[in-house]
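First the structure, in the form of structure tokens, and then the observations on it.
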Amino acid sequence: MVRVRSLLPSLPPAERRVAQRVIDDPEGVANSTITELAQTCGTSETTVIRFCRAIGFHGYPELRLTLATEAGRAQSASGGRVIGSDISPDDSLEQIVEKVTFADARAVEETAAQLDIKMLEQVVDAIAGAGRVDVYGVGASAHVAADFQQKLHRIGRMCNAWSDAHIMLTSAAVLGPGDVAIGISHTGATVETIDALEVAAQRGVTTVALTNFPKSPIAETADLVLTTAARETTFRSGATASRLAQLTVVDCVFVGVAQRTFGPTREALEATFEAVRGRTMRRPDRRRR
């Protein structure tokens with residue numbers, strides 16, 4: 001299911017209808033013949049087979065078996081309850097909490113499960129050896145970029161986070177070989193972020209993309225690609241599950257970099273802790289005398 005959702009925008013229209021059916025009713029597809037699925041989607045059996053191969057299966061029987069297995073795991077994980085991600089106007093606040101937390105937890109779990117460890121290692125190595133790291137993101141992704149910048153800055157890494165389109169471009173224009181440029185975009189189609197990575201690539205910079213869709217435009221632009229696996233609730237513009245999925249990957253990268261430079265990192269963390277320790281409000285002593 002993670003693979004289907006991530007490839008959905010890049011599929012041809014007919015295959016996209018099949019993919020959407022799989023996303024909307026995986027158990028129904030698991031119980032359908034290839035003819036029934038093709039008729040439901042208004043397409044041909046050949047298209048269904050092409051879709052299966054596009055997501056890495058040899059044929060339809062393998063898809064049905066995988067969907068049935070995943071459906072069983074999901075039901076077991078939720079204790080037999082059916083929890084959807086769509087929030088309706090009639091949902092109670094309790095139901096909203098349940099759906100939002102379920103979607104957030106699934107985003108983190110599924111992101112971790114599909115994360116390419118070898119690719120992650122390459123990104124960590126690039127950042128650990130970089131002279132400078134610039135991170136680009138707009139909208140909700142800008143908050144993730146700022147979080148990553150703060151983390152790397154605290155352990156003494158030269159890092160900037162930019163969200164203004166013009167500053168992103170000027171930043172990329174002065175980078176050079178040995179530097180790293182990171183673009184964060186859930187959809188992978190954010191023009192400002194893609195443009196900045198393209199400029200950085202022209203400068204010989206190692207470029208990294210963090211996106212939910214591995215065949216998106218930003219993924220095609222970058223040298224290294226890390227992916228998330230987030231399913232948003234009805235209010236997609238809130239960027240809830242996607243933000244948590246991105247932060248999960250950012251945390252993994254940060255800890256990997258910190259581990260590579262354990263000695264200097266520990267010294268930097270202690271120094272920065274000492275620098276801000278005096279800014280903590282002390283509670284008055286209310287003990288009886």
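By convention here, the first residue in the shown sequence is residue 1.
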I'd like to know if the side chain of [X] reaches the main chain of [Y], judged simply by a donor and an acceptor atom lying under 3.5 Å from each other, with no hydrogens or angles considered.
X	Y	result
E62	H58	yes
T227	T211	no
R157	V133	no
T187	A189	yes
D179	R132	yes

Do the side chains of [Y] and [X] get nearer than 4.5 Å, heavy atoms only?
X	Y	answer
E198	D195	yes
I55	L63	yes
Q246	S141	yes
L120	V253	yes
F51	V4	yes
E70	P26	no
P61	R64	no

For [X] versus [Y], what's the shortest heavy-atom pair and its separation?
X	Y	value
V29	V22	CG2-CA, 3.9 Å
L7	P214	CD2-CG, 4.1 Å
T43	A14	OG1-CB, 3.9 Å

Cluster question for you: counting only ILVMFWY and a side-chain heavy-atom cut-off of under 4.5 Å, with indirect links fine, are V2 and L67 together?
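No.
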Please check if atom CD in E94 has more than 12 non-hydrogen atoms from other residues, nucleotides or ligands closer than 6.0 Å.
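No, CD of E94 has 12 or fewer neighbouring heavy atoms, counting only those of other groups under 6.0 Å.
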Answer yes or no: does atom NZ of K215 have more than 12 heavy-atom neighbours from other residues, nucleotides or ligands under 6.0 Å?
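Not buried by this count: 12 neighbours or fewer within 6.0 Å.
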Hydrogens and angles aside, do E15 and T47 bring a side-chain donor and acceptor to less than 3.5 Å of each other?
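No pair is found: no donor N or O on one side chain lies under 3.5 Å from an acceptor on the other.
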List in chain and number order the residues that pass side-chain hydrogen bond (donor to acceptor under 3.5 Å, both in side chains) with R260, two or more places apart in sequence or in another chain; answer none if no residue qualifies.
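Only D125 meet the side-chain hydrogen bond (donor to acceptor under 3.5 Å, both in side chains) criterion with R260.
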With sequence neighbours excluded, residues passing side-chain hydrogen bond (donor to acceptor under 3.5 Å, both in side chains) with T190:
S185
Mark yes or no: R154 above the aromatic ring of F254, with NZ or CZ under 6.0 Å from the six-membered ring centre and no more than 45 degrees from the axis.
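No - R154 does not lie over the ring of F254 by the 6.0 Å and 45° rule.
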Quick check on side chain to side chain contact (heavy atoms under 4.5 Å, CB included): which of L244, V135, V250 does V144 satisfy it with?
V250
Name each donor-acceptor pair under 3.5 Å that joins a side chain in residues 169-178 to protein atoms two or more places apart or in another chain, with its distance.
| unit_1 | atom_1 | unit_2 | atom_2 | d |
| --- | --- | --- | --- | --- |
| T170 | OG1 | H166 | O | 3.2 |
| T170 | OG1 | I167 | O | 3.0 |
| S171 | OG | D134 | OD2 | 2.2 |
| S171 | OG | Y136 | OH | 2.9 |
| S171 | OG | W162 | NE1 | 3.2 |

